[in-house]
Amino acid sequence: MTIVREHSSVDLPDAYATRAGHRADLMEMLDFEPDTTSFYAEVVAGLRQPVKTLPCKFFYDQRGSQLFDEICELAEYYPTRTELGIMRDRIAEISALLGGHCRLVEYGSGSSIKTHILLDHLTNLAAYVPVDISRSHLLRSARRLACDYPELTIQPVCADYTDFFDLPPLPATCLTPPLLGAGGLHEQSVGPPRTVVYFPGSTIGNFLPDQAREFLAGVVAQCGQHGGLLIGVDLKKDPRILHEAYNDASGVTAAFNLNVLRRINRELDGDFDTDAFAHYAFYNPVIGRIEMHLVSMASQTARIGDELFRFREGETIHTECSYKYSLHEFADLARSAGFAVRGVWTDSEDLFSVQYLTVEE
Ligand code: AVJ
């Protein structure tokens, strides 16, 4: 693990570079050097299994992230705008429940509107800790936020949040006891802050339930006593709505799914014929999950480096699971990991939920 003092080598629009300039020296990034060389190993291992799979985290190269942003704007894709609506409508209650004087840790660092809503309303924030596996994306969004919140202590961490990693030390201001009789110092800013993890977007749905439990237990360990988790969780609903959300008319989701093969071709010297695979996504109401696949439209062989992979016609590569929960299913899952549900906010159609969990005493 290394500590990198951030300087202006990051590719940012000029306005940001100059405006954030005075903050650059103040911001230190903790770099756990998340291993990116495993792309080849994980792809080959996934494609050697009897049911070929690819981990969904590999969707998000530059083009994939751009396509995902487009998905979020689609009429059919309700989660993003619904979660945002809940955050906007209920932020007073949400921030009241989180309370003052916390350290906010965001998994999958956002420069997004959702992060802004929280940062605008949380009072007495001890620090904001964005965590992301992509160094460039992390620094870009951290510097942007440094412009917008010049008073905020930002402590970026480059890490894979599905692995264990240490949080940066609390900012010095949290550790020095306030001067007696200094006045104006609110009771709540005294002592170490509570750690609250923010995990929006229903990314939790990408984990298999057992993995989700393990992940949540890791969050419990990380935020410790009095800690909390503010999480976006997509809900079970009419399968037709779900089907549309992952089978949009303009084909953006199909392009997003197929992009992983393009990435393999480019980064791992592959020769997948992307025209010979088709996007296929469906909701399984028994398991309660969306599955995304790439279906081989012919009997064919694809190569990655020196490795050959044979596909029968109709054989699929399973590229993503997206679990949908009922409120009581998620409460059970949270409880089994050591969390208690303290707040649940949904939209008027019960499409999506934002939930606040706290570590069980
Ligand atoms: C970002 C993982 C929540 O599962 O809905 C969108 C990703 N995949 N369309 C989801 C995704 C296809 C998305 N998550």
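Values below: all heavy atoms of this structure, side chains included; hydrogens, waters and symmetry mates excluded. Each ligand, and each atom within it, is numbered from 1 in the order the structure gives. Along the sequence shown, residues are numbered consecutively beginning with 1.
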TODO: Starting from atom 11 (C) of ligand 1, locate the nearest protein heavy atom and write down its residue, its atom name and how far away it is, to 0.1 Å.
DONE: Glu320 OE1, 3.6 Å
Open item on the list: Please list the nearest protein heavy atom to atom 2 (C) of ligand 1 with its residue and the distance rounded to 0.1 Å.
Closed with: Asn206 OD1, 2.8 Å
Task: Side chains of His121 and Ser95, donor plus acceptor under 3.5 Å - done: no
Task: Flag for Tyr280-Thr316: side-chain donor and acceptor within less than 3.5 Å - done: no
TODO: Flag yes if more than 12 heavy atoms outside Glu73 fall under 6.0 Å of its CD atom; otherwise flag no.
DONE: no
Open item on the list: Can you tell me if Ser202 contacts ligand 1 (heavy atom of the residue under 4.0 Å from the ligand)?
Closed with: yes
Open item on the list: If the contact criterion is a heavy-atom separation under 4.0 Å, does Gly201 count as touching ligand 1?
Closed with: yes
- [ ] Please check if any side-chain donor atom of Ser250 sits under 3.5 Å from a side-chain acceptor atom of Asp248, or the reverse.
- [x] yes
Open item on the list: Counting non-hydrogen protein atoms only, what is the nearest one to atom 4 (O) of ligand 1? Give residue, atom name and distance.
Closed with: Ser322 OG, 2.7 Å
Open item on the list: Suppose we measure from atom 1 (C) of ligand 1 to each protein heavy atom; which comes out shortest, and what is that distance?
Closed with: Phe68 CZ, 3.4 Å
Task: Option whose closest heavy atom lies nearest to atom 13 (C) of ligand 1, chosen from Tyr77, Phe59, Tyr60 - done: Tyr77
Task: Side-chain donor-acceptor pair present, Tyr198, Lys114, cut-off under 3.5 Å - done: no
